[in-house]
Amino acid sequence: MIQKIKQHLKDANKTYFEHQRFAFKASFVCLKSSFTALVHGICPALFEYDTSTNIKKMHDDMQPIYKMREEKNNN
């Protein structure tokens, strides 16, 4: 398991704490988006575009990861 963690961090080109910060940020964005979607479902006048905006930004932030995975799978 330790080797797998080390390899993942190496592939991601991040230290443990850089990776942790990135993962926690992604988790927070997901939680925030879940909350805004829930509230919007109850009252559509609230958080009209917050959830979709957050998901789009997260997708954009993940582009380097998608590229890295594609390169790794092609080798």
Side-chain angles (χ1 to χ4, degrees):
M1 182 58 109
I2 298 295
Q3 280 307 111
K4 190 172 181 179
I5 292 169
K6 287 181 180 181
Q7 185 61 49
H8 178 70
L9 293 172
K10 182 181 175 188
D11 290 345
N13 195 29
K14 292 188 183 315
T15 67
Y16 177 82
F17 292 107
E18 288 170 336
H19 184 274
Q20 183 182 57
R21 183 178 46 209
F22 183 85
F24 283 2
K25 180 182 172 189
S27 176
F28 177 74
V29 170
C30 288
L31 286 170
K32 186 171 107 175
S33 295
S34 178
F35 174 77
T36 58
L38 178 70
V39 171
H40 179 74
I42 295 167
C43 182
L46 299 175
F47 303 115
E48 289 182 88
Y49 302 104
D50 293 57
T51 302
S52 58
T53 299
N54 287 335
I55 292 170
K56 170 79 167 88
K57 179 162 180 3
M58 180 182 253
H59 175 75
D60 293 345
D61 291 345
M62 297 283 181
Q63 286 304 311
I65 294 170
Y66 301 147
K67 184 177 180 185
M68 176 201 67
R69 286 179 60 194
E70 186 177 303
E71 288 171 358
K72 184 179 177 183
N73 289 335
N74 288 334
N75 288 332

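Quick note: residue numbers are just sequence positions, from 1.
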Margin query: Taking side-chain hydrogen bond (donor to acceptor under 3.5 Å, both in side chains) as the definition, give me every residue that meets it alongside Asn13, ordered by chain and number, with sequence neighbours left out.
Written below: none

Next item on the list: Please name all residues satisfying side-chain hydrogen bond (donor to acceptor under 3.5 Å, both in side chains) with Gln3, sequence neighbours left out, ordered by chain then number.
Entry: none

Note to self: If I compare all heavy atoms of Ala26 with all of Met58, which pair ends up nearest, and what's the gap?
What the structure shows: O-CE, 3.0 Å

Notebook entry, point to check: Do Gln7 and Lys4 have side chains that get closer than 4.5 Å, going by heavy atoms?
Noted result: no

Checklist line | ring pair (Phe, Tyr, Trp, His ring centres under 6.0 Å) contacts in which one or both residues fall within residues 44-73, not counting sequence neighbours | finding: His59-Tyr66

Note to self: Starting from Tyr16 and following side-chain heavy-atom contacts under 4.5 Å between hydrophobic residues (I, L, V, M, F, W, Y), which residues can be reached?
What the structure shows: Met1, Ile5, Leu9, Phe17

Check: Rounded to the nearest 0.5 Å, what separation is found between the CE atom of Met62 and the CZ atom of Phe22?
Finding: 4.0 Å

Margin query: Return the CG to CE distance between Asn73 and Met68, rounded to the nearest 0.5 Å.
Written below: 9.0 Å

Next item on the list: Would you list the pairs meeting salt bridge (Lys or Arg N to Asp or Glu O under 4.0 Å) in which at least one residue belongs to residues 5-16, sequence neighbours left out?
Entry: Asp11-Lys72

Check: If you look only at pairs with a residue in residues 34-57, which of them pass as a salt bridge (Lys or Arg N to Asp or Glu O under 4.0 Å), with sequence neighbours excluded?
Finding: Lys56-Asp60, Lys57-Asp61

For residues 32-45, please give each side-chain donor-acceptor pair under 3.5 Å, one per line with the distance, not counting sequence neighbours.
unit_1 : atom_1 : unit_2 : atom_2 : d
Ser33  : OG     : Val29  : O      : 2.9
Thr36  : OG1    : Lys32  : O      : 3.3
Thr36  : OG1    : Ser33  : O      : 3.1
Thr36  : OG1    : Thr51  : OG1    : 2.6
His40  : ND1    : Pro44  : O      : 3.1
His40  : ND1    : Leu46  : O      : 2.9

